[in-house]
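Because the structure is a prediction, the values reported are computed rather than measured. Atoms within a ligand are numbered from 1 in the order they appear, just like the ligands themselves.
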Amino acid sequence: MALAAAFLLLLLATPAAYAVQYTVGDSAGWTTGGDYTTWVQGKTFNVGDTLLFTYGGSHKVDEVSKSDYDNCNSGNSLKSYSNGNTVITLSTAGSMYFICPTAGHCAGGMKLAIDVVAASGNTPSTSSPPSGSPSGSSSSPPPPPSRSGAPSIMNNSGLILGFSLVLGAVLAVMS
Ligand SMILES: [Cu+2]
């Protein structure tokens, strides 16, 4: 009984690998005047993440090839969405290209190109700062957890240990 409860707590305490949903353009959404080149910067898109496009009736989302992205050609889109609230799962690594097919919108900047990278824990560290610190920081605190959301084994262990202690205390009180 206690073992089963502990096991259940372990399961609850172990975070599943989680996907991130990116709202394209953030609060502005998918619209004319958006700057999706800037929006992409600093973001890492992993396989399993999703893009959420929110847009009004004058817009659509077309997934296109790179050349059609470059040329704003919506004539042979790979996929087309128009329901105003489109979630696209990034299912494979590689580049993906989206444009709004409404006349003039893509040329005006309504175009999005992303690079999807394979997730599975070890992403190449393209943005991690060097760990070496300037001289004389013997008492500096440990570095903060990575912003990229990589699960930390140390944190998980601490969490599990904490749950175990709580469970033990509860069982001790109950017995
Ligand atoms: Cu548009």
(request) Take W39 and L112, measure what side-chain contact (heavy atoms from CB on, under 4.5 Å) needs, and give me the verdict at the end. (result) CA-CA 9 Å; W39 179 79; L112 170 67; 3.9 Å; yes
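- Under 2.8 Å from the Cu ion (ligand 1) lies no N/O/S atom of T102, from backbone or side chain alike.
- Side-chain atoms of S80 and D62 form a donor-acceptor pair, as typed in the model, at a separation below 3.5 Å.
- When the SG-SG distance for C100 and C106 is compared with the 2.5 Å cut-off, it comes out at or above that value.
- F53 and Y81 have their aromatic ring centers separated by at least 6.0 angstrom.
- Geometry note: the Cu ion (ligand 1) is the vertex, H105 ND1 and H59 ND1 are the arms, and the angle is 100° (rounded to 10 degrees).
- Distance check for C100 against the Cu ion (ligand 1): an N/O/S atom falls below 2.8 Å.
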